[in-house]
Amino acid sequence: MRIPNHISQQVDKLREAIDRHNYNYSVLDEPSIPDSEYDKLFLELQKLEQSYPQLITLDSPTQRVGATPLEKFSQITHRSPMLSLNNEFDTSSVEAFDRRVGEKLGTNEVEYAVEPKFDGLAVSLLFENGSFVTGATRGDGYIGEDVTLNLRTVKSIPLHLRKSDKNRIPFLLEIRGEVLMLKEDFEKLNLQQREKNEKEFMNPRNAAAGSLRQLDPRVTATRRLAFFAYGIGEFEGEEIPRDTHSNVMKYLASQGFPIAKECDVVRGSVALLSYYQKVKELREHLPYDIDGVVYKINSLAQQKEMGFVSRAPRFAVAHKFPAQEVVTELLGIDVQVGRTGVLTPVARLRPIFVGGATVAHATLHNEDEINRKDVMVGDSVIVRRAGDVIPEVVGVVIERRPSNASRFMMPNQCPVCGAKVIRMSDEAVTRCTAGLFCPAQRKQSIMHFASRRGMDIEGLGEKLVDKLVDNGFVVTPADLYTLDDEKLTSLSRMAKKSAINLLAAINKSKSTTLASFIYALGIRNVGVTTARELARYFGDFNKLKEANVKTLQGIPDVGLVVAQSITDFFSEKHNIEVINKLFSDPVGIELKEERDIRKMQDGNNANKISGKTFVLTGALPNMSREDAKERIESLGGKVTSSVSKKTNYVVVGAASGSKYDKAVELGIVTLDEAKLLELLKN
Ligand code: IVH
């Protein structure tokens with residue numbers, strides 16, 4: 001059958017458009033059309049290809065996911081071996097590396113291409129006449145596994161190269177890089193695994209490995225893998241740069257391959273070390289896991305001159321970060337009782353240095369989690385501590401399990417107050433049933449009440465709350481307001497001056513906002529944001545107190561569970577008693593109207609923030625993004641995630657990406673941390 005001209009033209013046009021949108025979405029992370037529009041184009045192409053199967057080509061976007069699972073992977077011998085890098089861990093070894101290089105090349109300040117070291121899996125992608133033909137894992141460096149069908153499902157790997165300016169396409173090009181899973185996609189995958197009651201992955205690297213080594217490419221296609229190029233292997237083609245590594249990387253980017261935004265070119269060892277420091281600080285803000293940085297001599301001629309030693313190049317090294325995952329012994333499992341009575345098993349560990357700190361405890365979340373991870377006391381466990389995240393046990397080294405390892409059993413009594421514990425069939429957690437009669441819950445709820453985002457009582461820390469509750473001075477939050485200096489100074493290690501300061505702080509807390517007060521009550525499932533929404537919606541505490549589930553569900557972000565928690569809280573007699581005490585003499589909490597505060601701030605020149613929309617991008621040197629967000633919001637500003645014409649300010653930190661470009665493009669005011677702080681101060 002002859003194919004009408006306009007049909008093949010339409011097919012070409014659709015493929016070009018789909019590839020372009022896919023590139024914008026998967027490589028640039030800047031979607032150019034809504035998903036529904038993309039799906040429409042895709043469907044139209046699929047239909048045309050069904051009617052005219054002669055038009056189907058292997059590099060058509062519809063052909064990413066093959067239909068037949070493999071029996072096993074076949075082997076691929078790499079055209080040139082995939083070597084590994086020597087690892088350095090400290091400053092002096094890096095300086096020694098730079099010295100060696102300088103001496104051998106007879107140069108003073110060597111120029112290096114510097115890059116993050118991805119924590120994923122090395123792969124090699126072969127393009128022949130511009131088309132992606134085979135892809136292999138690193139294997140032993142000489143022979144890898146043929147994972148072509150799986151790599152074809154990775155959306156950020158182009159299925160064909162673009163023509164160069166001179167209309168040329170390389171005859172052969174082997175691209176080397178790393179397959180990984182973005183942190184965000186890893187979290188989503190584990191959530192799905194949990195919902196399906198299947199084993200979770202320990203970290204993004206394991207998830208990426210498990211996904212890439214699937215025999216059924218349809219499974220890989222559901223896993224959202226990413227690819228980043230970091231170099232080339234064999235090639236034949238005039239257009240491929242032969243001068244510097246950084247130009248090779250530029251070329252790869254121009255061909256549609258994702259490369260790390262953090263790539264740079266620097267000179268000398270001082271600059272290498274400051275790059276290391278910079279990327280180390282960025283680490284937790286990056287969308288993917290990295291385990292160090294890589295320094296490569298930039299000039300390809302100089303690289304050649306340096307050559308190789310055994311299986312590693314002499315022209316490059318990896319400078320590794322301190323490990324974020326380590327193995328240690330699980331000495332025991334303690335059970336802590338939280339504010340809402342939830343019993344949390346906590347791992348007691350043989351203390352170990354991980355992610356920059358010594359860790360002796362790590363959360364195990366709940367009973368199911370312990371069983372899913374098959375954790376037993378006495379096991380060698382893998383502990384992860386990344387950035388500010390609470391350390392957690394991510395898995396067990398089963399081979400090292402001792403014969404006397406013992407299973408953990410959730411107690412059937414509260415370890416603090418002895419009351420019965422229950423576990424609802426629809427919940428993963430076990431709770432103490434004693435409510436505020438349980439000292440642990442009482443302490444936690446008082447701490448929550450006094451916390452910064454709650455009543456903000458400065459100086460009321462955990463140790464003090466322990467003493468106040470243990471001495472019977474404080475049973476409910478209302479009792480805080482009955483404290484006097486006699487009671488306080490009777491406590492061990494409480495000086496007169498601290499007592500006075502604390503009483504002043506308690507007194508000051510009486511005047512607060514509705515949102516802070518709602519948050520302070522510690523209603524289950526009501527965090528800062530929900531508390532703020534509730535305050536904005538009701539504007540009056542009594543209205544909230546009397547609201548029914550239906551009304552509550554009408555509020556943005558409030559679903560059935562939250563609504564139910566709120567009505568449950570207010571139907572508890574004990575809670576109402578405490579609230580009544582808080583509002584009447586001698587306590588007399590006074591809620592300022594949010595509007596008054598807004599006015600006050602406006603008067604104070606804070607209208608620079610109030611009502612304005614901010615976008616935060618990149619890592620700020622001294623403030624966490626969470627902190628910045630909170631401070632902006634506390635002054636009535638709004639923080640959103642994407643830059644549009646409605647954005648008033650873009651706060652720009654290190655390694656900011658497309659959001660910064662967009663801000664410049666739209667002419668939006670950009671602020672660095674110092675300028676933001678200035679605004680906040682005003
Ligand atoms: S260059 C000749 N660059 O690290 C060495 N490797 O130990 C070629 N890796 O298996 C490797 N990020 O998977 C290079 N920016 C980067 C890298 C990188 C991660 C991995 C790679 C390789 C291992 C080398």
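Counting starts at 1 for both ligands and their atoms, in listed order. What's counted below: heavy atoms across the whole structure, side chains too, no hydrogens, waters or symmetry copies.
Using a 4.0 angstrom heavy-atom cutoff, Pro313 counts as in contact with ligand 1. Using 4.0 Å as the threshold, Lys296 has a heavy atom nearer than that to some atom of ligand 1. For Gly177, the closest heavy-atom approach to ligand 1 does not fall below 4.0 Å.
A salt bridge links Glu111 and Arg267; the closest N-O separation between the charged side-chain nitrogens and carboxylate oxygens is under 4.0 Å. A salt bridge links Arg213 with Glu145: the distance from a Lys NZ or Arg NE/NH1/NH2 to an Asp or Glu carboxylate oxygen falls below 4.0 Å. Here Glu174 does not pair with Arg79 in a salt bridge; the nearest charged N to carboxylate O distance is not below 4.0 Å. Classification of Arg194 and Glu200 as a salt-bridged pair holds, one side-chain N sitting under 4.0 Å from a carboxylate O. A salt bridge is absent between Lys183 and Glu187; no separation between the charged side-chain nitrogens and carboxylate oxygens falls under 4.0 Å.
With a heavy-atom cut-off of 4.0 Å, Glu115 touches ligand 1 through its side chain alone. Residue contacts with ligand 1 for Tyr230 involve side-chain atoms from C-beta outward but no N, CA, C or O (heavy atoms, distance under 4.0 Å). With a 4.0 Å heavy-atom cut-off, ligand 1 is reached by no atom of Ala260.
Between Phe97 and Tyr112, the ring planes lie tilted relative to each other; the angle falls in the 30° to 60° range. Aromatic ring pairs are classed by plane angle as parallel below 30°, tilted from 30° to 60° and perpendicular above 60°; the pair Phe127 and Phe257 is perpendicular. The aromatic rings of Phe321 and Tyr276 are tilted relative to each other, their planes meeting at an angle between 30° and 60°.
Between Asp672 and Val652, the closest side-chain pair of non-hydrogen atoms is not below 4.5 Å.
For Val294, no nitrogen or oxygen atom sits less than 3.5 Å from a nitrogen or oxygen atom of ligand 1, counting backbone and side chain alike. Annotation: Leu85 places an N or O atom under 3.5 Å from an N or O atom of ligand 1; distance criterion only. Inclusion of Ser84 in the set of residues having an N or O under 3.5 Å from an N or O of ligand 1 is not warranted.
Near Glu178, with a cut-off below 4.0 Å to any heavy atom, the atoms of ligand 1 are 9 (N), 13 (O), 19 (C), 20 (C), 21 (C). Close approach of ligand 1 to Ala122 (heavy-atom distance below 4.0 Å) involves ligand atoms 10 (O), 13 (O). Those atoms of ligand 1 that come under 4.0 Å of a heavy atom in Arg138, given as number and element, are 10 (O). Near Pro116, meaning under 4.0 Å from any of its heavy atoms, are these atoms of ligand 1: 12 (N), 15 (N).
When only non-hydrogen protein atoms are considered, atom 12 (N) of ligand 1 lies nearest to Phe118 N, 3.0 Å. The nearest heavy-atom contact from the protein to atom 23 (C) of ligand 1 is Lys117 NZ, 4.1 Å.
Atom CZ of Arg311 is surrounded by more than 12 heavy atoms from other residues, nucleotides or ligands within 6.0 Å.
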